[in-house]
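Because the structure is a prediction, the values reported are computed rather than measured. Keep in mind that the numbers below use all heavy atoms, side chains included, and drop hydrogens, waters and symmetry copies.
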Amino acid sequence: MFNWKITKDNLRIEWGIAIAIAILMLIMFEYIDLKSLTIWSTNILDCIADGDITKYYQFTALNLHNLSHQYVSGTLYSLIPWSIWNIPIWIFQRYFGYDIANSSFSLLWSKLFLVLALIITLIYTYKIVIYITKDRNKAKWSVYLSFSYLYTYIGLFYAGQNDILICMLGTIAIYHLIKSDNNNNPLFYLFASLAISVKYFFFIPYTILILLTEKKLFKIFYKLFIGIIPILLFKLICYKMPMYLESSTKNASNTIFQNIISHSFSIIDGYSLSLFIFALVILAFIAYIKRFEDKQDRAKSIIYFTTASYILLFMFSSHEFYRMILLMPYIFILFSLNKNIFRLNIILETLLSLFHFIALLAASNYYILSAPMSMYGNIINTVFNTQLKSKYILGHIIYHFLSQESGLMIGQISATISFACLVLILIINYPNNKFKFPKEESKCERYIIICRGLIILPALLVLLVGYFK
């Protein structure tokens, strides 16, 4: 019998819906960034085959595939394992003249590398919850919620971003930190520094975690330095490579940093106060003065402060539409550790995802769920020999039915609701808080869980009309 209350294990229908949506998005979308990342990874193999890896940046800058991005951004730490994964499609490109940048099956193969990273992330999510709670049911729910998270769909299955590698490496790092009683597990520093080197975002929770677990100032600075060693080594090795400096200056790092500190207002002598930096300093101070009551409190605090640092990032900065994938899986591990407010957390996260999504669409974002950016030449094209009849951009469709004023109003209201949800999640999940909640909050109605997993489905159906209209 179908039970609308959570009892033991989550239902097969929920996993079935989640996997079906993921597969549908895998075959629907080949986002422009995925094409760039795929070619950047196979360029490594080309340079190795040609006998001179030092020409990598120069070779990539030629942009032989006419990609949307001419220059490589960031380090190559994520691209090296990806290049190994892509050896089969590189062979077809190198020796048989196959155009993998415009091959739907080649790009699907490349995206499956990111799916593998998601699977590893979920495995360590399970291991973390099991280690802390010894409860398999909680661990299964944290895995399901992470997989069916709206921004897992958008960040990975739509956009094909390597941010999932930050999630994977960060989750492995945190697993080893939780297992370590003396805060000196070398595997934590190894995986944390690698997560930072993919893109620098993980340095935010890493800093907070160092302050949470270490109280001696010299060791704090020493451990912070450990976190950036792979980046420094990479820059040292690549500094004299042709076109490396040009590529570094033209990547998105400076824009991302400006977006992070852009939300501000005037303070002393006309200087601007960055809301994110201000909030992060407060969180860092709370982490530094925090003292653990026991091993369980330590583990819960590690998860909470990791989640909180990312929440502050999304509360007080501008960010790309797919970036909220970075909350996964930490926020859902946090939910599993607070069973007494499971229902309340699910409702807040559902509202957060829904209204943040609406705010993005109301802003008429050209990139989010955009047919021109991701749907030409996909597997539907290839298998069914259909052509995209409409250049649907979901944000523009919504915007078309709204006046400029109403669109702005809807966006502001939605952004405000999502902001409030983030604040409430921060407050009610603080470790060892004194709030008392009804016992009913430990269970959540099935229809809420299912509706949460279906948020993206109407948008996918609208885009599919572009093929069969």
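- Using cut-offs of 30° and 60° for the angle between ring planes, the F191 and H176 rings count as parallel.
- In this structure, F314 and Y310 have parallel ring planes: the angle between them is below the 30° cut-off, well short of the 60° mark.
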**OP:** Any chance you could lay out the ring-ring contact (aromatic ring centres under 6.0 Å, His included) test for Y304 and Y430, step after step, and finish with the verdict?
**Re:** CA-CA 7 Å; Y304 174 83; Y430 187 79; 5.3 Å; yes
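- Within a 6.0 Å radius of CZ in F437, other residues, nucleotides and ligands contribute more than 12 heavy atoms.
- Nearest heavy atom pair, residue F29 against residue L369, reads CZ-CD2, 4.1 Å.
- In Y288, the OH atom is crowded: over 12 heavy atoms of neighbouring residues, nucleotides or ligands sit closer than 6.0 Å.
- A tilted orientation is assigned to the rings of Y31 and Y158, their planes being inclined by 30° to 60°.
- If you take CD1 on I368 and OG on S374, they are separated by 11.0 Å, rounding to the nearest 0.5 Å.
- Relative ring orientation between F332 and F335 is described as perpendicular, the plane-to-plane angle rising above 60° on a 0-90° scale split at 30° and 60°.
- For the residue pair K339/N137, the side-chain donor-acceptor check at 3.5 Å is not satisfied.
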Per-pair distances, 0.1 Å, donor-acceptor, side chain in residues 126-134, under 3.5 Å, sequence neighbours excluded:
unit_1 : atom_1 : unit_2 : atom_2 : d
Y126   : OH     : R136   : NH1    : 2.9
Y131   : OH     : K295   : NZ     : 3.2
T133   : OG1    : V129   : O      : 2.7
T133   : OG1    : D135   : N      : 3.1
K134   : NZ     : Y131   : O      : 2.8

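- H356 and Y151 form a side-chain donor-acceptor contact under 3.5 Å, judged by distance and modelled atom types alone.
- For the residue pair N162 and K199, a side-chain donor N or O sits within less than 3.5 Å of a side-chain acceptor on the partner.
- Using a 3.5 Å distance cut-off with no hydrogens or angles, the side chains of S41 and N86 do pair a donor with an acceptor.
- Inspection of the H69 and S36 side chains reveals an N or O donor paired with an N or O acceptor under 3.5 Å.
- The two residues I226 and Y206 come nearest to each other via the heavy atoms CB-OH, 4.2 Å.
- No donor-acceptor pair under 3.5 Å is formed between the side chain of Y322 and the backbone N or O of T152.
- In K290, the NZ atom is crowded: over 12 heavy atoms of neighbouring residues, nucleotides or ligands sit closer than 6.0 Å.
- Within the model, atoms OG1 of T207 and CG of L280 stand 7.5 Å from one another, a figure rounded to the nearest 0.5 Å.
- Within the 4.5 Å cutoff, the side chain of C444 has heavy atoms near those of the I449 side chain.
- The pair K111-E30 does not count as a salt bridge, with every side-chain nitrogen at least 4.0 angstrom from each carboxylate oxygen.
- Taking a cutoff of 4.0 Å between a charged side-chain nitrogen and a carboxylate oxygen, R446 and E14 qualify as a salt bridge.
- Take Y124 and apply the side chain to side chain donor-acceptor pair (under 3.5 Å) test, not counting sequence neighbours, and it matches no residue.
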**OP:** Go through W85 and S110 one step at a time and tell me if the side-chain hydrogen bond (donor to acceptor under 3.5 Å, both in side chains) criterion holds.
**Re:** CA-CA 7 Å; W85 174 270; S110 182; over 6 Å; no
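- Under the rule for a salt bridge (Lys or Arg N to Asp or Glu O under 4.0 Å), the partners of R452 that lie at least two apart in sequence or sit in another chain are E349.
- With M168 as reference, I172 is the one residue of I166, I172, I164 to meet the side chain to side chain contact (heavy atoms under 4.5 Å, CB included) rule.
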**OP:** Start with the C-alpha distance between K219 and N184, add both sets of side-chain angles, then the distance that settles side-chain hydrogen bond (donor to acceptor under 3.5 Å, both in side chains), and finish with yes or no.
**Re:** CA-CA 11 Å; K219 289 187 176 181; N184 289 320; over 6 Å; no
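- Taking every heavy atom of both residues into account, S418 and L352 meet most closely at O-CD1, 3.5 Å.
- Remark: of the listed residues I331, N338, L334, L334 is the sole one forming a side chain to side chain contact (heavy atoms under 4.5 Å, CB included) with I303.
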